[in-house]
There are 2 protein chains.
Amino acid sequence: MTVHEHGRYSTGIQDLPYRAVPDAAVARLAVYLRVLTSMIEQGVTTMSSEVLAGAAGVNSATLRKDLSHVGSYGTRGVGYDTARLVENIERLLGLTRHHSIAVVGIGNLGHALANYPGFPDRGFPVTALFDLDEDLIGVPLGGLSVDHVDSIPAVCAEREVTIGVICTPVPAAQVVCDLLVAGGVQCILNFAPMVLQVPDDVEVRRVDLAAELQILSFHQVRRCGTNGVGQVVDPIAVSR
Amino acid sequence: MTVHEHGRYSTGIQDLPYRAVPDAAVARLAVYLRVLTSMIEQGVTTMSSEVLAGAAGVNSATLRKDLSHVGSYGTRGVGYDTARLVENIERLLGLTRHHSIAVVGIGNLGHALANYPGFPDRGFPVTALFDLDEDLIGVPLGGLSVDHVDSIPAVCAEREVTIGVICTPVPAAQVVCDLLVAGGVQCILNFAPMVLQVPDDVEVRRVDLAAELQILSFHQVRRCGTNGVGQVVDPIAVSR
DNA sequence: GCGACTTTGTTCCTGCGTTCACAAGCGGCT
DNA sequence: AGCCGCTTGTGAACGCAGGAACAAAGTCGC
């Protein structure tokens with residue numbers, strides 16, 4: 001592999017040597033991984049960038065560029081060895097280790113996520129559950145029992161939880177977040193519709209389900225040219 | 001991760017004024033809306049771009065530019081009138097109408113989403129539920145009863161469903177998607193970890209929960225400089 | 001073994017989105 | 001009434017991501 005030219009991020013004292021892989025590419029790599037494992041199950045051992053790109057819904061040039069960040073694991077004239085590619089994408093994404101997950105807030109959504117097979121299947125075993133509700137404490141759920149949120153720091157540290165999933169209502173989310181951070185958790189997936197304040201060394205990804213719908217709503221209105229009550233939108237009239 | 005699978009802007013008669021609002025801005029507007037309504041509940045009537053940007057976790061210049069797409073509803077030297085801003089963002093996003101939702105696949109996740117209060121609270125009432133399982137058909141759930149997937153086209157058309165939420169396993173997702181499209185649904189929120197094939201006039205947003213974790217995992221590895229088993233990550237990637 | 005074909009990996013370029021910076025505008029204060 | 005300070009809205013620059021095109025490289029057929 002030729003040396004990439006993306007090194008130069010002298011953003012201060014501690015040059016961050018990482019940063020070579022764009023965030024958007026990382027997100028797509030997770031998709032490729034999914035498609036590839038699915039293909040391997042069907043016995044596919046080799047794929048061209050064109051085919052894989054089609055299955056993943058991206059441009060083939062984009063795909064090749066993304067994969068170039070992983071390394072040169074393709075064979076010209078043939079394509080990519082699916083098994084080897086999966087292996088190397090997993091290594092880049094840090095999936096060689098199983099990251100254990102804690103789910104906080106065992107309501108409808110938390111319950112569903114605690115049982116979501118896609119997590120353990122992808123190497124993310126759920127190893128801790130927390131809630132505030134006394135009635136839930138101790139209740140067994142998928143081989144685990146629910147602990148009180150107060151024990152988050154201790155339990156997370158003990159079980160080496162690396163990812164916390166917050167499914168609490170908004171008012172509790174920041175408190176829970178602080179507890180997770182106290183327990184050494186540096187990755188948080190936040191389903192509560194609010195922006196969490198965290199230290200610089202903690203990363204939060206927010207999944208805002210209602211916002212997703214609002215975005216869909218916007219595009220729908222755009223497509224139809226109506227505001228949904230049969231009335232044509234006049235953008236100029238609207239803005240004054 | 002939310003993947004925007006198609007940004008098609010069909011060549012309509014009135015495509016001149018549209019396309020002004022970037023996709024990324026629309027996504028952020030939904031966040032601003034959330035912060036604003038929360039602030040209004042606390043009695044805040046006026047906010048500066050600086051404060052609002054801080055609460056939403058974005059740059060203030062970005063925020064002002066986003067809001068400029070909505071219209072000029074700020075007062076220089078003062079800030080934005082929160083109520084008026086909410087009103088106008090909602091209008092831009094097409095939220096003046098309540099879009100009704102159908103949830104397909106009443107497993108753990110589908111069950112949780114069917115009961116998710118954030119949907120109706122934000123003007124997205126759930127008006128139809130579907131599953132394949134005979135044991136679930138007719139079961140009442142939050143004021144609705146579960147219908148068979150075969151009836152998707154008829155029921156969606158009748159109840160004017162505008163958004164379909166797919167929570168089925170992967171093998172069923174494409175079939176369900178086709179049924180939704182047949183029922184006139186043009187917006188789909190897909191929780192099944194696969195890429196759906198749809199006509200150009202249908203928009204799909206994908207929420208891939210496991211991919212979110214993989215992205216977190218990647219950044220975690222980057223931060224620590226180890227792959228989680230105490231071993232330094234590939235020095236080539238590190239050195240550039 | 002050699003040529004032609006296929007596909008990768010990379011380079012260049014274009015376009016978009018974000019950020020900076022500043023002029024215009026509005027309210028408050030004297 | 002006029003000035004001052006604060007905040008918006010926007011024009012310009014910058015940086016990054018995505019797409020087209022191409023050269024290198026490896027395979028398959030003959």
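Naming: A, B, ... by sequence-line order, numbering from 1 per chain. Heavy-atom basis, side chains included; hydrogens, waters and symmetry copies ignored.
- Annotation: salt bridge (Lys or Arg N to Asp or Glu O under 4.0 Å) contacts involving residues 74-90 of chain B, sequence neighbours excluded, are absent.
- Between the CG atom of B/Leu67 and the P atom of D/dT7 there is a distance of 15 Å, given to the nearest Å.
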Taking N or O atoms only and anything under 3.5 Å, show me the protein contacts with nucleotides 20-24 of chain C, one pair per line.
{"unit_1": "C/dC20", "atom_1": "OP2", "unit_2": "B/Asn59", "atom_2": "ND2", "d": "3.4"}
{"unit_1": "C/dA21", "atom_1": "N6", "unit_2": "B/Arg64", "atom_2": "NH2", "d": "3.3"}
{"unit_1": "C/dA24", "atom_1": "N3", "unit_2": "B/Arg76", "atom_2": "NH1", "d": "2.8"}

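- At D/dT7, none of the side-chain N or O atoms of B/Tyr73 fall inside 4.0 Å of OP1 or OP2 (strictly under the cut-off).
- Without hydrogens or angle criteria, A/His69 side chain to A/Val26 main chain gives no donor-acceptor distance under 3.5 Å.
- The salt bridge (Lys or Arg N to Asp or Glu O under 4.0 Å) contacts involving residues 27-52 of chain B comprise A/Asp208-B/Arg34, B/Arg28-B/Asp66, where partners must be two or more places apart or lie in separate chains.
- Non-hydrogen atoms lying under 4.0 Å from DNA chain D are contributed by B/Ser48, B/Ser49, all within residues 48-55 of chain B.
- When each of A/Gly77 and A/Val58 is assigned the nucleotide of DNA chain D with its nearest heavy atom, A/Val58 is the one assigned upstream, toward the 5' end.
- Formation of a donor-acceptor pair under 3.5 Å by the A/Gln174 side chain with backbone atoms of A/Gln197 is found in this model.
- What separates CG of A/Leu63 from P of C/dT10 is a distance of 14 Å, to the nearest Å.
- Neither OP1 nor OP2 of D/dG26 sits under 4.0 Å from any side-chain N or O of A/Tyr80.
- In this view, A/Phe119 and A/Tyr116 satisfy the ring pair (Phe, Tyr, Trp, His ring centres under 6.0 Å) rule, not counting sequence neighbours.
- C/dT18 atom C1' lies 15 Å from atom CG of B/Leu29, rounded to whole Å.
- Between the CG atom of B/Asp66 and the P atom of D/dT10 there is a distance of 13 Å, rounded to whole Å.
- Side chain of B/Val78, nearest nucleotide from C/dG27, D/dG18, C/dT18: C/dG27.
- Listed by chain and number, the residues in a side-chain contact (heavy atoms from CB on, under 4.5 Å) with B/Val170 are B/Pro193, B/Met194 (sequence neighbours excluded).
- Rounded to 10 degrees, the angle separating the terminal helix axes of the helix from C/dG1-D/dC30 to C/dT30-D/dA1, each built from five base pairs, is 10°.
- A/Arg97 is not listed as a side-chain neighbour of B/Val221, based on a closest heavy-atom distance of 4.5 Å or more.
- Looking at residues two or more places apart in sequence or on another chain, you find a side-chain contact (heavy atoms from CB on, under 4.5 Å) between B/Ala53 and B/Val58, B/Ser60, B/Leu63.
- Here B/Tyr32 pairs with nothing under the ring pair (Phe, Tyr, Trp, His ring centres under 6.0 Å) rule; sequence neighbours left out.
- Counting to the nearest Å, the P atom of D/dA17 and the CZ atom of A/Arg28 are 9 Å from each other.
- Residues forming a side-chain hydrogen bond (donor to acceptor under 3.5 Å, both in side chains) with B/Thr62 (at least two apart in sequence, or on another chain): none.
- Put simply, CG on A/Asp23 is 14 Å from C1' on D/dG15, counting in whole angstrom units.
- Side-chain N/O atoms of B/Thr62 include one lying less than 4.0 angstrom from OP1 or OP2 on C/dT19.
- Rounded to whole Å, the distance from CE on B/Met47 to P on D/dT8 is 10 Å.
- One can place NE2 of B/His69 at 12 Å from P of D/dG11, the figure rounded to the nearest angstrom.
- Qualifying side-chain contact (heavy atoms from CB on, under 4.5 Å) partners for B/Asp121, counting only residues two or more places apart in sequence or in other chains: B/Pro117.
- Listed by chain and residue number, B/Asn59, B/Arg64 satisfy the side-chain contact (heavy atoms from CB on, under 4.5 Å) test with B/Ala61 (two or more places apart in sequence, or in another chain).
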